[in-house]
Amino acid sequence: MAQEASVPRSRRIIVYPGSSVWQTARQAAGCELTASQAMHAGEGETSILLHAAPLLVRDGYETADHRADERPDLLLHGLRAYTSTGVVGQPSLASAQKGAALLDAFESQFARRLDELRKPIP
């Protein structure tokens with residue numbers, strides 16, 4: 001939707017962070033799983049919450065791991081077809097330190113995109 005909305009060139013819209021940004025941030029933070037493996041409520045997202053809002057992290061996240069690496073029909077059936085808890089990944093690998101590193105990486109990568117958004121529309 002963001003891509004289509006940007007077509008008229010009257011405005012620019014960005015969806016952030018995208019998959020390449022997540023990949024770079026995950027590497028910088030020392031995350032063990034790929035973004036696909038830690039799709040929802042896994043290592044990365046739980047790490048961010050442990051750093052930024054630890055009271056929002058449910059007790060028991062350390063034992064809530066659920067791997068569903070193959071999700072061929074996710075867009076058809078949704079997340080419930082692959083997990084009953086909403087977790088796809090390993091929140092047991094999460095840490096507040098990884099969360100801080102992820103957010104730092106997101107921030108540094110956003111600077112380039114912000115420069116692009118500020119450029120005049122031709």
Side-chain angles (χ1 to χ4, degrees):
M1 291 176 67
Q3 185 177 7
E4 291 299 317
S6 294
V7 170
R9 297 283 187 182
S10 60
R11 63 181 176 256
R12 291 191 179 118
I13 296 172
I14 184 172
V15 175
Y16 191 85
S19 59
S20 65
V21 172
W22 264 105
Q23 180 178 346
T24 300
R26 294 179 70 73
Q27 289 172 344
C31 290
E32 296 180 36
L33 301 180
T34 67
S36 177
Q37 292 169 322
M39 182 196 156
H40 187 60
E43 179 183 21
E45 291 179 352
T46 303
S47 291
I48 290 170
L49 285 176
L50 286 172
H51 169 71
L55 295 177
L56 296 178
V57 180
R58 291 182 186 167
D59 290 338
Y61 76 90
E62 304 94 333
T63 58
D65 293 356
H66 177 76
R67 296 289 294 269
D69 294 350
E70 299 296 321
R71 301 177 303 276
D73 297 315
L74 178 66
L75 295 178
L76 179 63
H77 299 297
L79 198 55
R80 289 182 192 264
Y82 300 98
T83 175
S84 61
T85 64
V87 174
V88 175
Q90 291 185 242
S92 65
L93 299 173
S95 72
Q97 294 78 17
K98 287 179 184 177
L102 284 163
L103 291 176
D104 286 346
F106 290 154
E107 181 181 356
S108 66
Q109 292 182 79
F110 189 70
R112 184 184 70 76
R113 280 127 180 123
L114 187 57
D115 288 343
E116 280 298 311
L117 288 170
R118 288 181 173 150
K119 287 181 181 178
I121 297 173

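Computed from a predicted structure; not experimentally measured. Both backbone and side-chain heavy atoms feed into the values below; hydrogens, waters and symmetry mates do not.
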Rounded to the nearest 0.5 Å, how far apart are NE2 of H66 and OG of S92? 13.5 Å

Compare every heavy atom of V87 with every heavy atom of T83, then report the nearest pair and how far apart it is. OG1-O, 3.0 Å

Under 6.0 Å from the CG atom of L75, do we count more than 12 heavy atoms belonging to anything else shown? no

Cluster check L76, L74: I/L/V/M/F/W/Y, side chain < 4.5 angstrom: no

May I have the step-by-step check of side chain to side chain donor-acceptor pair (under 3.5 Å) for T34 and S36, ending in yes or no? CA-CA 5 Å; T34 67; S36 177; 4.9 Å; no

Using a strict 4.0 Å threshold on nitrogen-to-oxygen distance, state whether E116 and K119 make a salt bridge. yes

I want to check something: taking the side chain as every heavy atom from C-beta on, are L50 and Q97 in contact at a cut-off of under 4.5 Å? no

Using modelled atom types only, decide if a donor and an acceptor are shared between the side chain of K98 and the backbone of H51 within a distance under 3.5 Å. no

With a 4.5 Å limit on heavy-atom distance, are the side chains of H40 and L79 in contact? yes

Quick check against the 3.5 Å criterion: does Y82 have a side-chain atom that pairs as donor or acceptor with the backbone of V88? no

Spell out, yes or no, whether Y61 and L33 are grouped together once hydrophobic residues are joined by side-chain heavy atoms under 4.5 Å, including indirect joins. no

For a 4.5 angstrom cut-off between non-hydrogen side-chain atoms, does D65 reach P91? yes

Write out all pairs satisfying salt bridge (charged side-chain N to carboxylate O under 4.0 Å, His left out) with one or both partners inside residues 68-80, taking only residues at least two apart or from two chains. R67-D69

Check: A41 main-chain N/O paired with T46 side-chain donor or acceptor under 3.5 Å: yes

Which salt bridge (charged side-chain N to carboxylate O under 4.0 Å, His left out) pairs, counting each pair once, include a residue from residues 44-62, with sequence neighbours left out? none

Run the side-chain contact (heavy atoms from CB on, under 4.5 Å) check on C31 and L93 step by step: do they pass? CA-CA 8 Å; C31 290; L93 299 173; over 6 Å; no

Here the pair of heavy atoms bringing A94 nearest to S47 is CA-OG, 3.2 Å

Is it true that L114 and L103 fall in one hydrophobic cluster, defined by side-chain heavy atoms closer than 4.5 Å? yes

Could you tell me whether the side chain of I48 reaches within less than 4.5 Å of the side chain of F106, counting heavy atoms only? yes

Contacts satisfying salt bridge (charged side-chain N to carboxylate O under 4.0 Å, His left out) that involve residues 19-29 (not counting sequence neighbours) are R26-E43

